[in-house]
Amino acid sequence: MKGYTDLNIELTSEQIAIKEETRRFAKEVLRPASLELDKMDDPQKMMDSPLFKQVFKKGYELGYHTVFLPDSWGGLGSDPLETHIIFEELGWGSMDFAVGIGVSCFPSFFASMVPSDRLADEIITPFCENKDGSIIGCWGITEPDHGTDTLSPFTPGFSNPKISGQATATRDGDEYIIQGQKAAWVSNATIATHCLLYPTIDASMGMAGGGICIVPLDLPGVKRGKPLDKLGQRALNQGELFFDNVRIPAEYMLVDEESYEAMLDITLSTANAAIAAMSVGLARAAYEEALAYAKQRVQGGKALFEHQMIKHKLFNMFTKIEAARSLSRAAMIYNYNNTPPMIEYSIASKVFCTDVAFEVANAAVQIFGGNGMSREYPVEKFLRDARACLIEDGANDSLMITAAYHL
């Protein structure tokens, strides 16, 4: 259960225990379930399977769904370093479940930033107390006609009145009326009970005229699409959401158009830093499999590891992972401790770490040779999962433009 060597010599015994406990959950629960579910052709059967539900239930029992919630609300109460340790280990076990469990807290997490008695009673406390995975949040931001352009706050084009979102929220007395659609990439969409929705309130402000609200998905007018059938991270549930005159209490609108960009900045900084940490774990998983295989696979009369080219390749993979962990930890610790965050650092860590995950997984497949293309070994799945990382939570090429603007 040792895992990687941690270069932080100041880790407390409690932080080391968190690392070991999360790794155990990742090894015994997440990895085997993720590999088994990946083999299922029908995404709906995957979501309906007892195995999928058992993973969420076990994750909730251990409190990982509350990783962003302070202990004052009954959350895990982890500090930024501990949060990084948790996300890296979850990503090592299963990138799909790491994202799904991480996103599940979004409605409650954002409600905890602007709490009221009603939000505490109806949203935050029930979620933190939930231990069976029956309360699940999703993040509804991407739209059929809008992807990474929804994630570029404070850039000049973000306030262009000719460009606005498709899902809208209109004030009507003590309620908001929600109309429109969110795209098939909404994580947890078809299994969620609540959505943290990012609709447009004032289209004259362009993409900057948005809001952030909580929509219980059992309300009249809510419809869902089918679970998305996709290349990688197949056990991460994703799908469309449709809203037809859905009414929510005005109190469920957590952020209005006046403070939307500032809160979106926090959203992106938080999510990108988390994906970076998970991607370090994914890269490590691919590297460890390749290293173990290279020591036992014989070619040319000796183990693969005895060939200089393979040694060079594995050392390069190792170096990239260590660099990725260093950057992602620094970015997460800084941005999770400071408001407003420096978004360019979260984006830099997301772009760098997801690139590393893909490069390392690709190299792992190459080391495995033909076996790397076989589902008998996990590295082909790691490669598919890593490919998805380059797009999720913002496509890397577009995110780089947003980050560069802040330079």
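Owing to the predicted nature of the structure, the values given are computational and were not obtained by experimental measurement. Every heavy atom of this structure was used, including side-chain atoms; hydrogens, water molecules and symmetry mates were not.
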>> Go through it in stages, so that I can follow the logic: the residues are Y405 and I343, the test is side-chain contact (heavy atoms from CB on, under 4.5 Å), and I'd like the CA-CA distance, side-chain angles, deciding distance and then a yes or no.
In response: CA-CA 10 Å; Y405 173 79; I343 194 171; over 6 Å; no
>> Taking the side chain as everything from C-beta on, heavy atoms only, tell me whether P227 gets closer than 4.5 Å to M46.
In response: no
>> Test your reading of the model: is there a side-chain donor-acceptor pair from H146 to the backbone of S164, 3.5 Å cut-off?
In response: yes
> Are any of the side-chain heavy atoms of V67 and I86 separated by less than 4.5 Å?
Replying inline: yes
>> I'd like to know if R24 pairs up with E20 as an ion pair, taking the criterion as any Lys NZ or Arg NE/NH1/NH2 lying under 4.0 Å from an Asp or Glu carboxylate oxygen.
In response: no
>> Run the side chain to side chain donor-acceptor pair (under 3.5 Å) test on N335 and N337 for me, step by step, so that the C-alpha distance in whole Å, both residues' side-chain angles and the decisive distance to 0.1 Å come before the verdict.
In response: CA-CA 5 Å; N335 277 343; N337 276 311; over 6 Å; no
> Do any N or O atoms from the side chain of R31 and from the backbone of W92 form a donor-acceptor pair under 3.5 angstrom?
Replying inline: yes
>> Whether the side chain of K313 engages the backbone of N316 through a donor-acceptor N/O pair (distance < 3.5 Å, no angle test) should be reported.
In response: no
>> Can a donor-acceptor pair be found, under 3.5 Å and without considering hydrogens, that links the side chain of K350 to the backbone of G394?
In response: yes
> Roughly how far, to the nearest 0.5 Å, is OH of Y176 from OH of Y252?
Replying inline: 15.0 Å
> Taking atom types as modelled and ignoring hydrogens, do the side chains of S134 and N130 form a donor-acceptor contact shorter than 3.5 angstrom?
Replying inline: yes
> What's the spacing between Q238 CD and I191 CD1 if we round to 0.5 Å?
Replying inline: 10.5 Å
>> Pair D121, T125 - check side chain to side chain donor-acceptor pair (under 3.5 Å), show working.
In response: CA-CA 6 Å; D121 292 341; T125 301; 5.4 Å; no
>> Assess whether a salt bridge exists between E240 and R224, defined as any Lys/Arg side-chain N lying under 4.0 Å from an Asp/Glu carboxylate O.
In response: no
>> Test your reading of the model: is there a side-chain donor-acceptor pair from T142 to the backbone of W185, 3.5 Å cut-off?
In response: no
>> Please give me the minimum heavy-atom distance between A111 and I214, naming the atom from each residue.
In response: CB-CD1, 3.9 Å
>> With a 6.0 Å cut-off (strictly less than), is the heavy-atom count around CG of D132, excluding the residue itself, greater than 12?
In response: yes
>> Using modelled atom types and a 3.5 Å cut-off, is there a donor and acceptor pairing between side-chain atoms of T200 and backbone atoms of T168?
In response: no
> For the side chain of T66 and the backbone of L69, is there at least one donor-acceptor N/O pair under 3.5 Å apart?
Replying inline: no
> Hey, what's the ring geometry for F68 with F109, parallel, tilted or perpendicular (30° and 60° as the breaks)?
Replying inline: parallel
>> Closer than 3.5 angstrom, by distance alone: can the side chain of S269 be matched with the main-chain N or O of I266 as a donor-acceptor pair?
In response: no
> If we only count heavy atoms from C-beta on, is the D256 to S259 side-chain gap below 4.5 Å?
Replying inline: yes
> Are more than 12 heavy atoms from other residues, nucleotides or ligands located less than 6.0 Å from atom CG of L407?
Replying inline: yes
> Among side-chain atoms of Y293 and N371, is any donor-acceptor pair under 3.5 angstrom?
Replying inline: yes
>> Surrounding NZ of K226 (heavy atoms of other residues, nucleotides or ligands, distance under 6.0 Å), is the total greater than 12?
In response: no
> Around E10, counting heavy atoms of other residues, nucleotides and ligands shown, do more than 12 lie under 6.0 Å from its CD?
Replying inline: no
> Is atom CE of M373 surrounded by more than 12 heavy atoms (other residues, nucleotides or ligands) closer than 6.0 Å?
Replying inline: no
> Is there a side-chain contact (heavy atoms from CB on, under 4.5 Å) between R247 and L219 once you walk through the steps?
Replying inline: CA-CA 8 Å; R247 289 182 171 269; L219 291 177; over 6 Å; no
>> Run Q181 and E143 through side-chain contact (heavy atoms from CB on, under 4.5 Å) and show every step you take.
In response: CA-CA 7 Å; Q181 178 185 353; E143 298 180 342; over 6 Å; no
> Taking it one step at a time, do T150 and M207 satisfy side-chain contact (heavy atoms from CB on, under 4.5 Å)?
Replying inline: CA-CA 7 Å; T150 64; M207 301 298 287; 3.5 Å; yes
>> Quick check: H65 with F127 (ring centres under 6.0 Å apart)?
In response: yes
>> Quick check for you: to the nearest 0.5 Å, what is the distance between L282 atom CG and D385 atom CG?
In response: 6.0 Å
> Where is the tightest heavy-atom contact between M253 and P199, given as atom of each residue plus distance?
Replying inline: CE-CG, 4.5 Å
>> Could you check whether K182 makes a cation-pi contact with Y198, meaning its NZ or CZ is under 6.0 Å from the centre of the six-membered ring and within 45° of the ring axis?
In response: no
> Can you name the nearest heavy-atom pair linking G102 to C105, along with the distance?
Replying inline: O-SG, 3.4 Å
> Could you give the distance from CE (M95) to OG1 (T354), rounded to the nearest 0.5 Å?
Replying inline: 8.5 Å
> Any sub-3.5 Å donor-acceptor pair from S152's side-chain atoms to T155's backbone N or O?
Replying inline: no
>> Distance check, rounded to the nearest 0.5 Å: E257 atom CD versus D202 atom CG?
In response: 5.5 Å
> Rounded to the nearest 0.5 Å, how far does NZ of K223 lie from CZ of F243?
Replying inline: 13.0 Å
> Is there a donor-acceptor pair closer than 3.5 Å between any side-chain N or O of D71 and the backbone N or O of G74?
Replying inline: no
> Which pair of heavy atoms, one from S108 and one from I123, lies closest together, and at what distance?
Replying inline: OG-O, 3.4 Å
> Hey, are the side chains of S187 and W139 touching, using non-hydrogen atoms and a 4.5 Å cut-off?
Replying inline: no
> For K230, does the NZ atom sit with more than 12 other heavy atoms under 6.0 Å from it, leaving out its own atoms?
Replying inline: yes
> Are I347 and T402 side-chain neighbours, meaning at least one heavy-atom pair lies under 4.5 Å?
Replying inline: yes
>> Run Q44 and D48 through side chain to side chain donor-acceptor pair (under 3.5 Å) and show every step you take.
In response: CA-CA 6 Å; Q44 186 59 60; D48 292 338; 3.1 Å; yes
Which pairs would a plain distance check flag for residues 51-59, meaning a side-chain donor or acceptor within less than 3.5 Å of a matching protein atom at least two apart in sequence or in another chain?
from: K57; atom 1: NZ; to: E61; atom 2: OE2; distance (Å): 2.4

> Does NZ belonging to K311 count more than 12 external heavy atoms closer than 6.0 Å?
Replying inline: yes
>> Could you report the tightest heavy-atom contact between F97 and A33, atom names first, then the distance?
In response: CE1-CB, 4.3 Å
>> Closer than 4.0 angstrom, basic N to acidic O: yes or no for E322 and R325?
In response: yes
>> Is there a side-chain contact between M40 and R234 in this structure, where contact means two heavy atoms from C-beta onward sitting under 4.5 Å apart?
In response: no
> Under a 4.5 Å cut-off applied to non-hydrogen side-chain atoms, are E251 and S116 in contact?
Replying inline: yes
> Taking NZ, NE, NH1 and NH2 as the nitrogens, is one of them in R284 or E89 under 4.0 Å from a carboxylate oxygen of the other?
Replying inline: yes
> Between S398 and D149, is a side chain to side chain donor-acceptor pair (under 3.5 Å) present by the stated rule, with each step listed?
Replying inline: CA-CA 8 Å; S398 298; D149 60 340; over 6 Å; no
> Under a 4.5 Å cut-off applied to non-hydrogen side-chain atoms, are Y4 and I321 in contact?
Replying inline: no
> So, for D96 and A235, which heavy atoms are closest and what is the spacing to 0.1 Å?
Replying inline: OD2-N, 3.3 Å
> Is the number of heavy atoms from other residues, nucleotides or ligands under 6.0 Å of Y60 OH greater than 12?
Replying inline: yes
